[in-house]
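Everything on this sheet refers to the single structure shown next.
Predicted model, so just to flag it, every value in this text is computed and none were measured. In the text below, chain A, chain B and the rest are named by the order of the sequence lines, each starting its count at 1.
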Amino acid sequence: MSDAQAGLPELKLYNTLTRAKEGFAPLDPALVRMYVCGPTVYDYAHIGNARPVIVFDLLYRVLRHLYGADHVKYVRNITDVDDKINARAAGEYPGLDLNEAIAKVTFATEAQFHDDLEALGVMHPDVEPRATEHIAEMRTLIEKLVASGHAYVAENHVLFSVPSMPDYGELSHRPLDEMLAGARVDVAPYKRDAMDFVLWKPSRPGEPGWPSPAGIDVNGRPGWHIECSAMSWRHLGETFDIHGGGIDLVFPHHENEVAQSRCAFHTGIMAKVWMHNGFLQVEGEKMSKSLGNFVTIRDLLADWPGDVLRLNMLKTHYRQPIDWTLKGLEESAKTLEQWFDAAAPDAYPRPAPAVLEALADDLNTPKAIAEMHALKDHAGKKALGGTLAFLGFSEAPLRSWAAGRAPTLDIAPEEVEARIAERIEARRNRDFATSDRIRDELLALGVALKDNKDGTTSWEPRR
RNA sequence: GGCCACGUGGCGGAGUGGUUACGCAGCGGACUGCAAAUCCGCGUACGGGGGUUCGAUUCCCUCCGUGGCCUCCA
């Protein structure tokens with residue numbers, strides 16, 4: 001079961017750590033382990049947030065196919081402790097106790113996130129851990145780091161000592177001196193080294209707080225990076241196969257995760273393969289609230305089926321920048337409709353060999369899509385159906401969306417049939433002037449006619 | 001300022017040291033009374049300038065443009 005089976009392509013993945021595409025060999029083929037950084041739940045997820053979710057969902061499907069569904073463990077966390085959450089909660093519920101306000105914000109945001117993902121048709125990860133449920137693991141990690149000299153206590157903070165790790169910077173490929181030269185932030189006075197980062201910090205009154213590690217006697221809360229080290233450790237172990245996220249996370253977030261985990265466990269790696277998806281722009285511009293082009297998943301779902309959004313995302317290779325446009329969405333919707341027009345159902349969701357081969361090559365989705373276009377002839381219809389199912393695309397929502405999108409008819413169906421009968425009679429008499437007039441009139445009312453080979457005439461709402 | 005990506009035909013978007021990616025749009029043909037739908041066919045592109053090479057869109061240098069990171073961020 002575990003090893004590459006006959007007929008299955010070798011999976012190759014681009015590894016940020018080595019900056020090269022490599023053959024993928026799991027640490028334990030009986031259980032391939034993948035961790036992806038999930039959202040910080042303080043606001044509606046935007047379409048950029050959807051990219052890693054969609055990309056790594058695809059990888060999850062490919063891994064399950066290659067290694068068996070029971071031999072893959074996918075963990076995607078929820079970050080529910082963060083300064084942005086606190087700020088939002090205080091602003092949204094000024095009268096409420098801060099902790100209660102935070103609970104309201106995180107609960108509502110997480111529910112919305114799950115609704116969004118449901119509509120997008122991505123699979124559930126095997127585990128979706130919350131940061132606040134892993135405070136104990138964070139404390140344990142911090143104690144380990146302090147004990148081994150990789151972290152120190154200063155003014156009720158615990159800081160990671162970057163100079164204690166000789167190969168710090170291996171993931172982002174940044175030599176320390178260069179970073180210092182470009183740094184333009186004030187260095188907290190209690191840091192021994194400018195690059196040191198916070199593992200734990202004291203809570204201010206009213207803020208969420210937990211008993212601190214390392215002998216600190218005031219309550220505190222975790223720094224940004226420690227949660228992922230804690231959650232991946234708890235659910236995947238000290239080392240695991242794949243760690244994914246957006247390319248903006250490479251530094252400092254992932255670099256610091258690597259430092260924490262490797263130094264806590266004295267291992268040469270944290271994750272074997274690091275994968276990062278590229279950024280997204282909207283209509284050629286960077287997405288920002290100030291430009292007014294901030295697009296949430298929820299907004300898009302009001303106008304489009306989730307599958308169209310997902311296909312649109314996969315049209316571009318995951319490492320490339322993507323420009324999210326209305327025109328692209330129209331095209332994606334059209335493509336999906338064409339595929340379902342041509343596909344024959346397959347009882348088993350399974351990728352066509354050529355599609356799987358493309359996906360195995362570092363998730364080359366544009367190539368895979370080209371292969372799906374090639375399946376539209378008779379011999380490929382069933383393979384196309386199986387591939388669509390494998391990718392999680394479903395026909396019904398698309399069809400009902402398309403039907404709802406058609407212009408409303410200004411004429412009753414019975415009336416259409418009557419006019420068609422009238423036109424057939426005219427054509428039989430070779431009275432084409434009348435025939436064409438009827439067709440034009442119906443078209444003006446939103447009805448498009450099709451004269452079939454067998455002499456009948458069918459119609460559909462004009463697109 | 002430092003570091004790092006990307007720049008392909010009208011549009012989207014793979015890939016490759018020398019042979020048509022693919023899709024959308026467009027054009028031509030078949031079919032049709034004419035259409036629609038469908039089917040068949042057509043485009044020789046790779047930011048500018050140098051260099052390496054028998055040969056570069058593909059490698060190297062440089063310039064320009066766009067974006068990312070260095071501070072919260074997918």
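Nucleic acid contact for A/R428: none, since no nucleic acid atom lies under 4.0 Å from a heavy atom of the residue. Contacts of A/G48 with the nucleic acid, taken as non-hydrogen atoms under 4.0 Å apart, include base atoms. At the heavy-atom level, A/G284 lies nowhere under 4.0 Å from the strands shown. Within 4.0 Å (heavy atoms only), A/R437 reaches no atom of the nucleic acid at all. Residue contacts for A/S435: at a heavy-atom cut-off of 4.0 Å it reaches a base atom on one of the strands shown. A/P39 comes within 4.0 angstrom of nothing in the nucleic acid, heavy atoms only.
For A/K315, counting side-chain heavy atoms from C-beta on, the closest listed nucleotide (B/C70, B/A74, B/G12) is B/G12. Proximity note for A/P252 (side chain, C-beta onward) versus B/A35, B/A74, B/C70: the nearest is B/C70. When distances are taken from the side chain of A/H373 to each of B/C34, B/C22, B/C69, the shortest belongs to B/C22. Distances from the side chain of A/N364 to the nucleotides B/C34, B/G68, B/A14 place B/A14 closest. Taking only side-chain atoms of A/K367, from C-beta outward, the nucleotide of B/C11, B/A21, B/C69 with the closest atom is B/A21. Side-chain proximity of A/Q281 to the nucleotides B/C4, B/G33, B/G67 is greatest for B/G67. For A/K450, counting side-chain heavy atoms from C-beta on, the closest listed nucleotide (B/C70, B/A36, B/G68) is B/A36. Counting only heavy atoms from C-beta on, A/K286 has its side chain closest to B/G68 among B/A74, B/G68, B/A35. Candidate nucleotides B/A14, B/G23, B/G33 were compared by shortest atom distance to the side chain of A/Q320, and B/A14 ranks first. The side chain of A/H317 has B/A14 as its nearest neighbour among B/A14, B/A21, B/G23.
Counting only distance, with no hydrogens or angles, the side chain of A/T387 and the backbone of A/A383 share a donor-acceptor pair below 3.5 Å.
Contact annotation: the side chain of A/D82 never approaches that of A/Y42 to less than 4.5 Å [non-hydrogen atoms, C-beta and beyond].
Map A/H253 and A/D451 each onto its nearest nucleotide of RNA chain B; the residue landing nearer the 5' end is A/D451.
B/U53 and B/U58 have their C1' atoms separated by 13 Å, with the value rounded to a whole Å. Using atom P as the reference point in both B/U71 and B/G15, the two lie 33 Å apart (nearest Å). The same atom, P, is picked in B/G50 and in B/G13; the two are 29 Å apart, to the nearest Å. Look at the C1' atom in both B/A30 and B/A37: the space between them is 14 Å, to the nearest Å.
Of the nucleotides present, B/C64 is the one that pairs with B/G7 by Watson-Crick or G-U wobble criteria, both distances under 3.5 Å. Remark: B/G1 base-pairs with B/C70; criterion is Watson-Crick or G-U wobble with both hydrogen-bond distances under 3.5 Å. Partner assigned to B/U38 is B/A30, using Watson-Crick or G-U wobble distances below 3.5 angstrom.
Taking every heavy atom of both residues into account, A/S172 and A/R19 meet most closely at O-NH2, 3.6 Å. Across all their heavy atoms, A/H276 and A/G246 have their closest contact at CD2-O, 3.4 Å.
For B/A37, neither phosphate oxygen OP1 nor OP2 lies less than 4.0 angstrom from any side-chain nitrogen or oxygen of A/N452. For B/G23, the OP1/OP2 oxygens have no side-chain nitrogen or oxygen of A/K334 closer than 4.0 Å. Using a 4.0 Å cut-off, some side-chain N or O of A/T316 falls inside it from OP1 or OP2 of B/G13.
Side-chain atoms of A/D116 and A/Y44 form no donor-acceptor pair, as typed in the model, at a separation below 3.5 Å.
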